[in-house]
Amino acid sequence: MYKILYKDGNAKRGQLETVHGTIQTPVFMNVGTDGAMKGAVSTKDLQGIKTQVVLCNTYHLHVRPGDNIVKDMGGIRQFMAWDKPVLTDSGGFQVFSLAGLRKIKEEGVYFNSHIDGRKIFMGPEESMQIQSNIASTIAMAFDECPPHPATREYMQNSTDRTYRWLLRCQKEMERLRKLDNTINKSQLLFGINQGGTFEDIRIEHAKKITSLELDGYALGGLAVGESHEEMYNIIEKTVPYLPADKPVYLMGVGTPANILEAVERGVDFFDCVYPARNGRHGHAYTNYGRLNLLNKRYELDERPLDETCGCPVCRIYSRAYIRHLLKAKEMLGLRLMVTHNLYFYNTLMEEIREAIEKGCYKEYKNKKLADLKEDLK
RNA sequence: GUGGGUAUGGCGCAGUUGGCUAGCGCGCCAGAUUGUGGCUCUGGAGGCCGAGGGUUCGAGUCCCUCUAUCCACC
């Protein structure tokens, strides 16, 4: 059940009630692909940094340890000791992003595992079955994430097929929810809108999937190489054609600025590898811009990553120490960076929710964007 | 002490029968990264080639002396 509590322009402050707890939106889901946040951040650590939802990956968990094992262990939440909501990505994007050899056919996708190269087939039914075994709170439809740029013809064909796949996903999900040994019989299903940067294909597809009464709707295939302006334009043009009473999820996005802009255009859910990946690579997000801790100027810097931050890392450790850990490739360095960055993102979302409640989102956004542009020297 | 080897950017090395602005790996300094292979990519700085002398149109490459260092023998 999704409820909008406040509206400020197109920005929404809502909450999604699930069997695993209520999600306050807008929300940033923390990415934990293999059932773990990269950077050795545990689910216990997440409890101290305002994380609401963990995103796990269908494809990865299927390949290793195997979704049957996750199911036998009581589902992913039980398995990773995380009692709050989990969203599983369907595997559609991974086929696009990391499977080398792949063949997309009407029935699904044939590709090779990035772990051992063995041949794998995944179609809408398989993806739903795996996600049902994983027993996430929210399952994503199996889609094709088309590359950018793509020809209009390719995009139209791909989007049409993604729609047909969505019908099969919905049907399979309904069947799975009724099975006796299904762990989460209330698993939600979000559909995914595609169409690249072709406004009319996006809108046509949005209208078609809106009629399906899904639990939520996602914008996929963005931030894959197009400009920010193109991305914002597509969000702006497409969101009005999605149900007003359902959550909207912008997949894989993005930078703090991307999120601020997308919220203003009506997006509720986000996820992105940036805070974790960039953290591992030495970039710390702060309220005054992004720092590259590997830069020599932090060698003797006694300050915390962000002097205005209240995270568990900033309360204790200096930039100089964290820089040393990163240079020495100590796991602790990655852990501290990722923990801080996730806290930053989660806190940003908290601020966004408060600003919408107060009805001053636009002012908040503009100030925040101005602050974030400045790099800390 | 004798014989032999080696001396090239922070470290480890390539440099053909002497021939254009001396390369490579790592490191260092920066920049990319958007539904995650702790990956990868892209730039940049840094060397009067151990010292001195000689041969030559031309020497990191050849010759002599010295210095440092390694190995074997005594």
Side-chain angles (χ1 to χ4, degrees), chain A residues 28-41 53-61 63-64 86-100 112-117 127 131 136 138-146 148 162 190-194 216-228 230-232 235 249-259 261-262 267 269-283 285 290-299 323 325-335 337-338 341-342 345 375:
Chain A
F28 179 80
M29 300 185 283
N30 294 189
V31 179
T33 303
D34 287 297
M37 323 302 295
K38 289 198 184 290
V41 175
V53 186
V54 170
L55 184 151
C56 293
N57 204 280
T58 299
Y59 162 76
H60 292 257
L61 292 172
V63 173
R64 184 173 56 193
V86 167
L87 179 141
T88 35
D89 189 16
S90 66
F93 182 77
Q94 284 60 48
V95 168
F96 154 79
S97 71
L98 49 83
N112 294 86
S113 159
H114 71 287
I115 304 287
D116 57 12
S127 177
Q131 294 187 72
S136 55
I138 303 169
M140 295 305 300
F142 186 73
D143 65 334
E144 183 197 344
C145 181
H148 177 86
T162 284
F190 281 20
I192 304 174
N193 170 255
Q194 291 290 355
Y217 291 85
L219 293 167
L222 290 172
V224 290
E226 80 286 1
S227 69
H228 283 178
E230 283 179 290
M231 177 171 81
Y232 297 148
I235 298 169
Y249 167 23
L250 178 57
M251 305 186 80
V253 175
T255 65
N258 290 159
I259 291 173
E261 295 291 350
V267 177
F269 279 65
F270 298 89
D271 82 275
C272 187
V273 302
Y274 268 170
R277 180 187 287 165
N278 285 336
R280 275 182 270 125
H281 296 175
H283 291 106
Y285 287 92
R290 208 174 69 169
L291 277 57
N292 183 351
L293 264 288
L294 294 171
N295 288 174
K296 199 172 181 63
R297 64 169 174 269
Y298 303 115
E299 206 169 30
R323 174 182 148 85
L325 295 175
L326 291 171
K327 284 285 188 188
K329 300 198 188 299
E330 278 294 339
M331 181 123 19
L332 180 59
L334 305 182
R335 177 159 173 237
M337 290 293 288
V338 174
N341 281 348
L342 290 176
Y345 265 73
D375 274 330

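Each chain gets a letter, A, B and so on, in the order its sequence line appears, and its residues count up from 1. Below, each value reflects all heavy atoms present in this structure, side chains not excepted, and no hydrogens, waters or symmetry copies.
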Pairwise distance [atom1]([X]) to [atom2]([Y]) - rounded to 0.5 angstrom:
| X | Y | atom1 | atom2 | result |
| --- | --- | --- | --- | --- |
| A/I192 | A/F142 | CD1 | CZ | 9.5 Å |
| A/H148 | A/M231 | NE2 | CE | 12.0 Å |
| A/L55 | A/D271 | CG | CG | 5.0 Å |

Mind checking if [X] touches a base, just sugar-phosphate, or nothing, with heavy atoms under 4.0 Å?
| X | value |
| --- | --- |
| A/N57 | sugar-phosphate |
| A/G39 | base |
| A/A276 | base |
| A/Q194 | base |
| A/G92 | nothing |
| A/M29 | nothing |
| A/L87 | nothing |

Please pick, from [options], the nucleotide with the shortest atom-to-atom distance to any side-chain atom of [X].
| X | options | answer |
| --- | --- | --- |
| A/D143 | B/rU34, B/rA30, B/rG35 | B/rG35 |
| A/R290 | B/rA32, B/rC29, B/rU34 | B/rA32 |
| A/V253 | B/rU34, B/rC29, B/rG35 | B/rU34 |
| A/T255 | B/rG35, B/rA32, B/rU34 | B/rU34 |
| A/V273 | B/rG35, B/rA30, B/rU33 | B/rG35 |

Between [M] and [N], how far apart are the [atom1] atoms? Round to whole Å, please.
| N | M | atom1 | value |
| --- | --- | --- | --- |
| B/rA51 | B/rA59 | P | 15 Å |
| B/rU21 | B/rG60 | C1' | 16 Å |
| B/rC13 | B/rG27 | C1' | 14 Å |
| B/rU6 | B/rA14 | P | 10 Å |
| B/rU16 | B/rG50 | P | 14 Å |
| B/rA45 | B/rA22 | P | 14 Å |
| B/rU8 | B/rG54 | P | 24 Å |
| B/rG23 | B/rG9 | C1' | 11 Å |

Using atom [atom1] of [X] as one end and atom [atom2] of [N] as the other, report the distance to the nearest whole Å.
| X | N | atom1 | atom2 | value |
| --- | --- | --- | --- | --- |
| A/R277 | B/rG31 | CZ | P | 18 Å |
| A/L222 | B/rG35 | CG | C1' | 11 Å |
| A/R280 | B/rU40 | CZ | C1' | 12 Å |
| A/H148 | B/rG35 | NE2 | P | 16 Å |
| A/K38 | B/rG35 | NZ | P | 12 Å |
| A/F270 | B/rU34 | CZ | C1' | 12 Å |
| A/E226 | B/rU34 | CD | C1' | 9 Å |
| A/K296 | B/rC29 | NZ | P | 5 Å |

Please confirm whether the shortest side-chain N or O distance from [X] to OP1 or OP2 of [N] is below 4.0 Å.
| X | N | answer |
| --- | --- | --- |
| A/K327 | B/rC28 | yes |
| A/R323 | B/rC29 | yes |
| A/N295 | B/rA30 | yes |
| A/N292 | B/rA30 | no |

Using Watson-Crick or G-U wobble geometry with both distances below 3.5 Å, tell me the partner of [N], or none.
| N | answer |
| --- | --- |
| B/rA7 | B/rU67 |
| B/rU42 | B/rA30 |
| B/rA72 | B/rU2 |

Can you tell me how the ring of A/F28 sits relative to the ring of A/Y345, calling it parallel under 30°, perpendicular over 60° and tilted otherwise?
tilted
Should the side chain of A/H281 and the base of B/rU40 be counted as holding a donor-acceptor pair, with the cut-off at 3.5 Å?
no
Using modelled atom types and a 3.5 Å cut-off, is there a donor and acceptor pairing between side-chain atoms of A/T88 and backbone atoms of A/I138?
yes
Return yes if some donor-acceptor pair links the side-chain N/O of A/R323 with the main-chain N/O of A/L294 below 3.5 Å, else return no.
yes
Here's a test of your reading of the structure: between A/E299 and A/V338, which maps to the more 5' nucleotide of RNA chain B?
A/E299
By nearest nucleotide on RNA chain B, pick out whichever of A/K329 and A/M231 is the more 5' one.
A/K329
Reference residue A/Y249; test side chain to side chain contact (heavy atoms under 4.5 Å, CB included); the match among A/N193, A/L87, A/V267, A/L219:
A/L87
Are A/F269 and A/F190, when compared by the centres of their aromatic rings, separated by less than 6.0 Å?
yes
